[in-house]
Amino acid sequence: MANGSEVVHGYPHLDTVRAAITALYRRLTQEGLYAYAVSVAAADVAFADDDDLHLGTQRVAHALVQQLRLPDARMIVSFREMTHAASVELAAGPEYFIELNDRFRTHRRDIGAALAHEITHVLLHRLGLSFPGTRDNEILTDTVTTYLGAGWLLLDAYREDGVSSQKLGYLTPEEFGYVLAKRALAFGEDPSPWFTSPQGYGAYTDGRALALRDGRQPPLTAAGWAGRHRYAKDRRHAQDHGPVAPGTSDPSAGPGLPYAFEGGGRDAALRVSFPCPTCRQRIRVPVRGRVRARCGLCRTVLECDT
């Protein structure tokens with residue numbers, strides 16, 4: 001929880017975020033993810049000034065348990081002085097104990113954001129889905145919270161001005177915006193009306209621009225002229241400089257490029273691999289002009305010009 005300290009911006013965790021999206025699709029499948037196609041409603045997690053602290057917190061926790069499709073999970077929430085925003089005791093259930101930072105007694109509008117992250121920890125514990133290391137596992141939790149329709153609360157809790165700042169979660173504001181935009185594109189949602197934080201909305205638009213660029217990278221037909229020109233140059237290099245060992249990438253596809261060429265030579269057709277713009281799993285298709293590919297993980301149909 002950044003409270004008054006400098007907020008990190010940009011995309012320092014982008015590779016882990018993308019790996020988390022892929023892992024989520026692999027664990028829940030495309031069909032399972034459609035159970036989360038509607039985000040938690042703002043009205044269900046709103047906290048009025050005259051609400052009883054404990055009853056209101058239990059109400060919000062219950063709404064988030066329902067959003068995350070947790071069966072028979074009762075959240076018992078208390079408040080205490082602590083460094084972090086919140087913590088959860090993970091056990092077999094059916095009761096889970098969540099502690100919230102004492103500051104939420106007076107910053108009640110952000111209780112839902114803190115609870116969303118902790119309740120997602122419970123979901124991931126039940127799913128058996130985790131990343132090695134505390135840092136990566138927390139990034140996984142923030143990513144899953146957002147992709148399953150509760151993490152817009154975390155981004156809306158981000159506020160920053162010339163004298164103070166607040167941010168919850170481990171992702172940067174722009175990374176939260178990126179994941180939220182990936183979800184919006186996958187399920188046809190527009191989260192714009194939910195934001196009460198101008199800074200949160202700005203981070204969403206920044207992340208959305210990057211999410212849209214994922215769908216405009218070669219060899220996708222939506223790629224721009226510059227990308228198609230670079231792709232054609234790299235393809236000629238792969239075709240003209242002999243076979244590439246199966247399973248390895250053409251060195252012409254330099255660092256930072258989303259695609260890599262494989263195979264080639266007399267006995268194997270040249271192929272190109274690239275990440276699916278929806279779930280980020282890599283897709284391999286033959287290099288033979290216009291082709292239509294379907295991602296085997298998220299079932300997205302992609303128009304390609306290879």
Which value, rounded to the nearest 0.5 Å, describes the distance between [X] atom [atom1] and [Y] atom [atom2]?
X	Y	atom1	atom2	value
Arg105	Leu100	CZ	CG	9.5 Å
Gln281	Cys276	CD	SG	8.0 Å
Asn137	Leu124	CG	CG	7.0 Å
Leu123	Leu129	CG	CG	8.5 Å
Tyr204	Phe195	OH	CZ	7.0 Å

In the hydrophobic clustering that connects Ile, Leu, Val, Met, Phe, Trp and Tyr at side-chain heavy-atom distances below 4.5 Å, which members other than Leu212 occupy its cluster, ordered by chain and number? Leu185

With ILVMFWY side chains joined below 4.5 Å, transitively, what does Phe97's cluster contain besides itself? Ile76

Take the angle between the ring planes of His229 and Trp225 and call it parallel below 30°, perpendicular above 60°, tilted in between. parallel

Give a yes or no on whether the backbone of [Y] and the side-chain of [X] come within a donor-acceptor separation of less than 3.5 Å.
X	Y	value
Lys167	Gly169	yes
Asp44	Ala63	no
Asp51	Gly56	no
Tyr231	Thr306	yes
Gln66	Val40	no
Asp305	Pro219	no
Asp156	Thr196	yes
Thr22	Cys279	yes
Gln199	Glu160	yes
Thr172	Gly10	yes

Test item: side-chain donor near acceptor, [X] and [Y], under 3.5 Å:
X	Y	answer
Asp142	His117	yes
Arg74	Gln58	no
Asp136	Tyr170	no
His121	His125	no
Tyr178	Asp206	no

Given the side-chain rings of His237 and Phe261, with only the six-membered ring counted for Trp, is the space between their centroids under 6.0 Å? no

Among all residues two or more places apart in sequence or in another chain, which pass the side-chain contact (heavy atoms from CB on, under 4.5 Å) test with Ala209? Arg213

Residues that Arg159 engages under side-chain hydrogen bond (donor to acceptor under 3.5 Å, both in side chains), provided they are two or more places apart: Asp110

Identify, with sequence neighbours excluded, every residue that meets salt bridge (charged side-chain N to carboxylate O under 4.0 Å, His left out) alongside [X].
X	result
Arg290	none
Arg280	Asp214
Arg288	none
Glu138	none

Which pairs with one or both residues in [range] pass salt bridge (Lys or Arg N to Asp or Glu O under 4.0 Å), sequence neighbours excluded?
range	value
residues 22-39	none
residues 76-85	Arg80-Glu99
residues 185-204	Arg183-Glu189

Decide if atom CZ of Arg208 counts as having more than 12 heavy atoms of other residues, nucleotides or ligands within a radius under 6.0 Å. no

Residue pairs, two or more places apart or on separate chains, that pass ring-ring contact (aromatic ring centres under 6.0 Å, His included) and touch residues 134-157: Tyr25-Tyr147, Trp152-Trp194

Sort out for me which residue in Arg294, Arg292, Arg216 forms a salt bridge (Lys or Arg N to Asp or Glu O under 4.0 Å) with Glu303. Arg292

Within 45 degrees of the ring normal and closer than 6.0 Å to the centroid, is that where the cationic atom of Arg69 sits relative to Tyr36? yes

